[in-house]
Number of protein chains: 2
Amino acid sequence: MGYGNVSERRRQPPQVGVSVVILALGPSSVAPIEPHVNDNEETGADTENITAEPHGRLWMPLVRRIREPYLGMWALPGGELRADRSLEQCAYEALESTTDLHPRYLEQLHTFGGPSRSRGGLPMVSIVYWALVGQAETRDFAEADNVKWFPENALPSLAFDHRTIIDHALRRLRERIEYPDLTTRLVGPEFTLRQLHDVAEAVTGAPVDLANFRRRMLASGQLEETGQKVRIGRQRPATVYRYVPDADSHSDATADAVTDSTAALLRSAVAHDSDDSLDAVLGPLTTD
Amino acid sequence: MGYGNVSERRRQPPQVGVSVVILALGPSSVAPIEPHVNDNEETGADTENITAEPHGRLWMPLVRRIREPYLGMWALPGGELRADRSLEQCAYEALESTTDLHPRYLEQLHTFGGPSRSRGGLPMVSIVYWALVGQAETRDFAEADNVKWFPENALPSLAFDHRTIIDHALRRLRERIEYPDLTTRLVGPEFTLRQLHDVAEAVTGAPVDLANFRRRMLASGQLEETGQKVRIGRQRPATVYRYVPDADSHSDATADAVTDSTAALLRSAVAHDSDDSLDAVLGPLTTD
DNA sequence: GCAAAAGTGTTGAGAGTACACCCATGA
DNA sequence: TCATGGGTGTACTCTCAACACTTTTGC
């Protein structure tokens, strides 16, 4: 796609792309309770029925390649690196192009590069982000033209080394799912403890003791009661919580992560974010 | 420096550089015990006197910029991204150009980029690695032409946002210093528990209970007695250990890290590393 | 013996786990 | 009153920090 005459220059600058691993709970998971959550405090303790199908799975959207190499194969959503965007903004836009959802979490995962795929003659570097988005409605998972959602356990064969990258992201997610930080990003802004618990089990794929999970979450001090109750099945209504990050939570993961407040900033495309940790930049420097 | 006519193309590909934060213990730290460690098993339990000055600090080499912008200021060592090199190899070469030491640890830290420094008109992306090298001899810390070592607590003002990057790397190191993995990289291949302990204190800057530290290290199962003893002061000789990584240690940190075995590979410049995790690559992909 | 460093033992607090148990609710 | 999920109590283990203590060495 036209980067000038390649053979003209001995050391052609590598092309840089941004890719995103977008993760969400699949349609067979717990349903979000957003429908009845709104700002009016009309009934301090109202309850409402919703349905739930526990034990969902992680799904992710992939895009079909419309160019060589790997034409027709599935690949991670991505885009070019724009000069007037931060890396995060580029990742955000790649995410937007494949899903209508907004990421609740967006963090740089790793940068991949090297000579082993000089296929086109140009070296390639891909800066990969991973994102968590709220659970999509079932209809969102239906096939679109060139975008399709796949469950984590039934991925098609992927272009490039994207399978390796996805495994990388899944491993990262499972490492960090212990804390309410990430778990809450996969459900709606308000949730019951059982929903969180089901998310944790869906992500790890292993059973998690519910009682202890409850205590761990509550002990984190990052959950706050909304005052509402919700009835999932036909039984006793459950307390609804929301996630309240505490100030000093920046374990490198959250340092770079998109918080709810910065997400809005990111949406404005040409925003010039002043947050050091989000958009630190530097120049190249050679000693010779 | 000549990437063609910039105004010719609307979307100029960004330039990519590789920078390295190189960390080592300073000259005032414990001395390495390498001098008397060799392969001959002539004396199963010989001891030897060496000197030590505890409570060292972390030092790092910086290079003086010889170009605008920031001409004359200090900056992280770095280099351009070569098409025929993996990212790690590029980082390795940047490291070699500033120190004669070989990294015991080399891991990708973060990729920085964004519009806020479009100074030259070209957007810049820097893939930053951080490295731990064995303790250098005191003479290595003397000033060279354009390379100088600085203690972590007395850094000069730095070009670009390199100060932010260094803080990033230091934070990462302090997070992970709990485990023998990283601690052992900062000392020689063989060491006493007290040396490890002093390293831990130097890195964290806080006192660490020696007795508990000993137990934790030994409990890791990654330390192995060499059978030798060494006398640091004039007191009771201490057992010498070496680091033996266990097979299943890959907590993402070590997955990408340079192990002793791969370090040799890296040294051969044109080596085509086949390790997936070391040199995973992918192409750019746009849905439009 | 004394000082200094190597190395060990002991105790208690806190976190995490397994699992039994009670409570609220609709059928 | 029963089934089901919400929510609590409890006892056991494990880890880890604190710190007292013993051992080995040169002087």
Side-chain angles (χ1 to χ4, degrees), chain A residues 29-31 33 45-55 175 177-180 183 187 190-201 204 206-241, chain B residues 30-31 33 45-55 177-180 183 187 190-201 204 206-241:
Chain A
S29 305
V30 289
I33 59 179
D46 62 333
T47 66
E48 188 165 342
N49 267 330
I50 58 177
T51 60
E53 308 174 38
H55 299 306
E175 279 173 9
I177 200 64
E178 315 291 328
Y179 312 100
T183 319
V187 297
E190 314 207 334
F191 44 81
T192 69
L193 285 176
R194 173 164 290 264
Q195 282 177 313
L196 276 197
H197 171 258
D198 290 347
V199 170
E201 288 199 332
T204 62
V208 175
D209 186 280
L210 178 57
N212 296 326
F213 179 84
R214 291 175 56 87
R215 265 186 294 260
R216 223 185 319 135
M217 290 299 115
L218 293 175
S220 76
Q222 298 188 93
L223 297 190
E224 178 185 83
E225 291 193 27
T226 65
Q228 293 178 317
K229 298 271 187 181
V230 70
R231 180 154 51 250
I232 301 281
R234 290 183 300 275
Q235 287 73 35
R236 177 175 174 180
T239 306
V240 176
Y241 294 87
Chain B
V30 289
I33 58 180
D46 63 333
T47 65
E48 187 164 341
N49 266 329
I50 58 176
T51 59
E53 308 173 38
H55 299 307
I177 200 66
E178 315 291 327
Y179 311 100
T183 319
V187 296
E190 313 207 336
F191 42 81
T192 68
L193 284 175
R194 172 165 290 265
Q195 282 177 313
L196 276 196
H197 171 257
D198 289 346
V199 169
E201 286 198 332
T204 62
V208 175
D209 186 282
L210 179 56
N212 295 327
F213 179 83
R214 290 175 56 88
R215 264 186 295 259
R216 224 185 316 136
M217 292 299 115
L218 293 175
S220 77
Q222 298 187 95
L223 297 190
E224 179 184 83
E225 291 192 27
T226 64
Q228 292 179 316
K229 298 271 186 182
V230 70
R231 180 153 52 251
I232 301 283
R234 291 184 299 276
Q235 287 71 36
R236 176 178 176 180
T239 305
V240 177
Y241 295 87

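Atoms considered below: every heavy atom in the structure, side chains included; atoms not considered: hydrogens, waters and symmetry mates. Here is the naming used below: chain letters follow the sequence lines, and residue numbers restart at 1 for every chain. Because the structure is predicted, anything quoted here is derived from the model rather than measured.
- Here C:dG7 presents its P atom at 12 Å from CG of B:L196, a figure rounded to the nearest Å.
- If you check distances only, the side chain of B:R215 does reach the base of C:dG9 with a donor-acceptor pair under 3.5 Å.
- The stretch residues 215-240 of chain B participates, sequence neighbours left out, in no ring pair (Phe, Tyr, Trp, His ring centres under 6.0 Å) pair at all.
- In terms of the side-chain contact (heavy atoms from CB on, under 4.5 Å) criterion, A:R236 has no residue partners (sequence neighbours excluded).
- Residues satisfying the side-chain hydrogen bond (donor to acceptor under 3.5 Å, both in side chains) test with B:N212, not counting sequence neighbours, are B:D209, B:R215.
- Between B:L210 atom CG and D:dA17 atom P the separation is 13 Å, expressed in whole Å.
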Distances for protein N/O vs nucleotides 12-16 of chain C N/O pairs under 3.5 angstrom?
none

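- Under the salt bridge (charged side-chain N to carboxylate O under 4.0 Å, His left out) criterion, B:E224 pairs with B:R242, not counting sequence neighbours.
- For C:dG7, one of the phosphate oxygens OP1 or OP2 lies less than 4.0 angstrom from a side-chain nitrogen or oxygen of B:K229.
- In this structure, B:L193 places its CG atom 17 Å from P of D:dT24, rounding to the nearest Å.
- Remark: B:R216 pairs with B:E178 by the salt bridge (charged side-chain N to carboxylate O under 4.0 Å, His left out) rule, at least two apart or across chains.
- The nearest whole Å value for the distance from the CE atom in B:M217 to the P atom in C:dT8 is 16 Å.
- Counting only residues at least two apart or on different chains, the ring pair (Phe, Tyr, Trp, His ring centres under 6.0 Å) pairs with a member in residues 206-230 of chain A are A:H197-A:F213.
- The residue A:A211 sits close to a base: some heavy atom pair falls under 4.0 Å.
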Between the protein and nucleotides 21-27 of chain C, which nitrogen or oxygen pairs are less than 3.5 angstrom apart?
unit_1, atom_1, unit_2, atom_2, d
C:dC23, O2, A:R236, NH1, 2.8
C:dA24, O4', A:R236, NE, 3.4
C:dG26, O4', A:R234, O, 3.2

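- Within the 4.5 Å cutoff, the side chain of B:M217 has heavy atoms near those of the B:L196 side chain.
- Going from atom CZ of B:F213 over to atom P of C:dT8 covers 15 Å, rounded to whole Å.
- For B:S220, there are no side-chain hydrogen bond (donor to acceptor under 3.5 Å, both in side chains) partners at least two apart in sequence or on another chain.
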